[in-house]
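Below: one structure, written as structure tokens.
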Amino acid sequence: MALALGGALLAPGLAQAAGTLTVALASDAESWDPIDTFILDWGRVGSNIYDGLIQRTPDLKLQPGLALSWEMLDDNTRIRFKLRPNVTFHDGEPFNADAVKYSFDRLLGEEGGKGPQQANYTAIKSVEVIDDMTVDFHLGSPDPVLLTKLAGYGAMIVPPKYVEEHGEEYFNAHPCGTGPFKFVEYTPKVSLTLEANPDYWDGAPKVDKLVYRFIAEAATQVAELQSGGIDIATLVPISLLDTIKADSNLTVESITGPNAVALRFNTKDGITKDPKVRKALIEAVDREAIIEQILQGNGKPIASFQSSLSFGNDPDLKPIPYDPDAAQAALTEAGVAPGSKVELDFVGSDATFREVAQTVAAFLQGIGLDPQLKSYETNVLFKDVIPNGKTGDLFQMTWGGWTFDYDNTAYLLYHSGQYWNPYDKDQTLDDMLEKQRNTYDQDARQTILRQIADYVADQAIEMPLYNLNTIYAMNKRVHDLPPTPDIRFRFNGVTLD
């Protein structure tokens, strides 16, 4: 059943009216509340409905959003934000300091504790309203990445009156922010329709309507792009790149982005409990061959779970080399019997990674193991199986690294008790992670972050596979959309033929 505030949803596959931009996303975030999800597809929608105090440009620079300015005070224990005046939420409610305080009290309170975003903002001890257009953030601990995080999903500002009057469940399906586009209609698993906000503080969008269609199959996205059913495909299989490039109406972007892809290990149970076995499995897989043959060169090798754009990346840290003979010898030394089963969990709708998983399985079979592939629906794997520690021996993890700082990857994946760390409790690692968070000295942070990457590689907590290029395809009728490494587009400047 469609959930609507007004307007009509265009039928999927039909030609779109002039002024309508249609974008395909791989998944429906299921809740459009900023504090409920980490999924990148949420950001690709939410960035057009909501604003944060700070924005990040496509070239990764921070700039004013709902805050005109900010300054660090009291030896970096307080941040004062001067807010943008004369801004209203889509329901007509005024944006002010009370809205900022409400949004962060909610994020850091009981409601925020139900989702994964709260962990990004725990350095904020309290938010104090100074006057209608001024707020102070009091910090309980240092966080050198906090300003970047304030441009992220969880820090989007929500309308207090709207949320309180309608309730959480309604808000999940009827989002309301201050952004360039306003909610019109949501059909779960099918589509979300937005319309231009003519009163947007940064100028009204140049397209009348923005339609997101949820299409999990990459080949279907491409077919819809070719037929004109969508204007932008965000899930593009490598195997169809040449087909898209051959179409005179379409164009492909393939640029270095933040997405790192790895197979993480169950370090608690089974044969992968042993770090020697984990290293052997890494040695057994030719990651360079995967990049060249499956990704067709649209990726780069990685030694740690981050891209070359990430602060903390160490170019001198080299991947564990492909050496199947050494891998087989290590398994024998570790007492792993030939034919031992190894389960590999992955997202079934990810066509490219399915091929990667099959190739990894072939390499593991080559050293005498019996790999078992198990596919999951996206939300089941990432909202249930992984955080609740119900994975097999290896499991797919694609991490967007949205802050472009290794802290946001390393802390959330490796620190004890974190949502994405169901298996490991390592005090040495915890101490390093906390130490780099407790200083604003960027040189010191970089040194520690590189030490963390080296330690994780030595413990073989995951099998780093590759940094996948950010790839998307679009109709050439779309103009004025700058290349965006994380595909977190803001469409208010886009024009259409």
Side-chain angles (χ1 to χ4, degrees), residues 34-35 37-44 46-47 50-65 67 70 72 76 79 104 107-108 112 115-124 137 139 141-156 255-262 302 304-314 397-415 418-421 432-450 452-453 456 467-468 470 484-490:
I35 64 178
T37 187
F38 79 101
I39 295 174
L40 285 173
D41 279 344
W42 189 98
R44 290 162 186 164
S47 297
Y50 301 97
D51 292 309
L53 296 175
I54 297 173
Q55 292 182 351
R56 190 172 66 192
T57 63
D59 60 356
L60 308 182
K61 291 181 172 59
L62 297 181
Q63 67 177 18
W70 53 90
M72 303 294 292
N76 296 322
I79 313 175
F104 281 91
L107 167 64
L108 298 171
Q117 282 292 341
Q118 187 181 87
N120 285 318
Y121 303 95
T122 53
I124 303 170
F137 280 29
L139 306 183
S141 60
D143 185 348
V145 197
L146 182 58
L147 292 177
T148 299
K149 292 176 183 178
L150 292 177
Y153 313 167
M156 299 294 188
I255 57 177
T256 299
N259 285 349
V261 181
I302 53 174
S304 58
F305 206 178
Q306 57 185 320
S307 83
S308 59
L309 299 177
S310 171
F311 180 81
N313 182 64
D314 184 356
M397 181 67 82
T398 300
W399 195 259
W402 62 273
T403 63
F404 292 86
D405 189 300
Y406 187 46
D407 164 85
N408 185 246
T409 301
Y411 198 96
L412 298 183
L413 295 184
Y414 310 136
H415 195 283
Q418 288 296 308
Y419 186 87
W420 298 112
N421 179 20
M432 286 192 289
L433 288 164
E434 291 161 11
K435 185 177 180 181
Q436 63 83 29
R437 277 201 168 182
N438 286 324
T439 179
Y440 288 93
D441 183 333
Q442 293 295 75
D443 289 338
R445 287 192 65 241
Q446 180 164 265
T447 297
I448 299 168
L449 288 171
R450 289 178 173 180
I452 290 169
V456 169
N467 168 210
L468 179 64
T470 294
T484 307
D486 55 2
I487 320 186
R488 193 177 155 194
F489 300 123
R490 281 174 64 87

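Note that the structure is a prediction, hence the values are computed from the model and not measured.
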Discussion item. Could you walk me through whether N76 and L139 satisfy the side-chain contact (heavy atoms from CB on, under 4.5 Å) test, starting with their C-alpha distance in whole Å, then the side-chain angles of each, then the deciding distance to 0.1 Å, before giving a yes or no?
Written reply: CA-CA 8 Å; N76 296 322; L139 306 183; 6.0 Å; no
Donor-acceptor pair, [X] side chain versus [Y] backbone, under 3.5 Å?
X	Y	value
Q436	L449	no
Q117	T37	yes
Y406	S307	no
N467	P258	no
T484	R488	no

Discussion item. Under a 3.5 Å threshold, yes or no: a donor from one side chain and an acceptor from the other, between W399 and T409?
Written reply: yes
Practice prompt. Give the C-alpha distance, both sets of side-chain angles, the deciding distance and a yes or no for side-chain contact (heavy atoms from CB on, under 4.5 Å) between S47 and Q55.
Written response: CA-CA 9 Å; S47 297; Q55 292 182 351; over 6 Å; no
[X] to [Y] - nearest heavy-atom pair and separation:
X	Y	answer
A119	L412	CB-CD2, 4.0 Å
G43	Y153	CA-CE2, 3.6 Å
P142	A123	O-CB, 4.2 Å
P485	T256	CB-O, 3.9 Å
M156	Y50	CB-CB, 3.6 Å
D486	R44	O-NH2, 3.3 Å

If you measure from [atom1] on [X] to [atom2] on [Y], what distance do you get to the nearest 0.5 Å?
X	Y	atom1	atom2	answer
I452	H415	CD1	NE2	10.0 Å
T403	L147	OG1	CG	12.0 Å
I302	N313	CD1	CG	9.0 Å
L62	T57	CG	OG1	8.0 Å
D407	L433	CG	CG	7.5 Å
L108	Q118	CG	CD	6.0 Å

Item to complete: Report the C-alpha distance between D405 and K149 in whole Å, list the side-chain angles of each, state the deciding distance to 0.1 Å, and finish with yes or no for salt bridge (Lys or Arg N to Asp or Glu O under 4.0 Å).
Response: CA-CA 10 Å; D405 189 300; K149 292 176 183 178; over 6 Å; no
Fill in: Student check: side-chain heavy atoms of F137 and W70 closer than 4.5 Å
no
Practice prompt. For the residue pair M72 and L146, establish whether any side-chain heavy-atom pair is separated by less than 4.5 Å.
Written response: no
Item to complete: Before giving the answer on side-chain contact (heavy atoms from CB on, under 4.5 Å), spell out for N408 and V145 the whole-Å C-alpha distance, their side-chain angles and the decisive distance to 0.1 Å.
Response: CA-CA 8 Å; N408 185 246; V145 197; 5.6 Å; no
Worksheet entry | Cation over ring face, R437 and Y411, 6.0 Å, 45° | yes
Discussion item. I'd like to know whether D443 forms a side chain to side chain donor-acceptor pair (under 3.5 Å) with Q446, so could you lay out the CA-CA distance, the side-chain angles of the two residues, the decisive distance to 0.1 Å, and finally the verdict.
Written reply: CA-CA 5 Å; D443 289 338; Q446 180 164 265; 5.4 Å; no
Fill in: Criterion side-chain contact (heavy atoms from CB on, under 4.5 Å) on I487 and L40, from CA distance to verdict
CA-CA 9 Å; I487 320 186; L40 285 173; over 6 Å; no
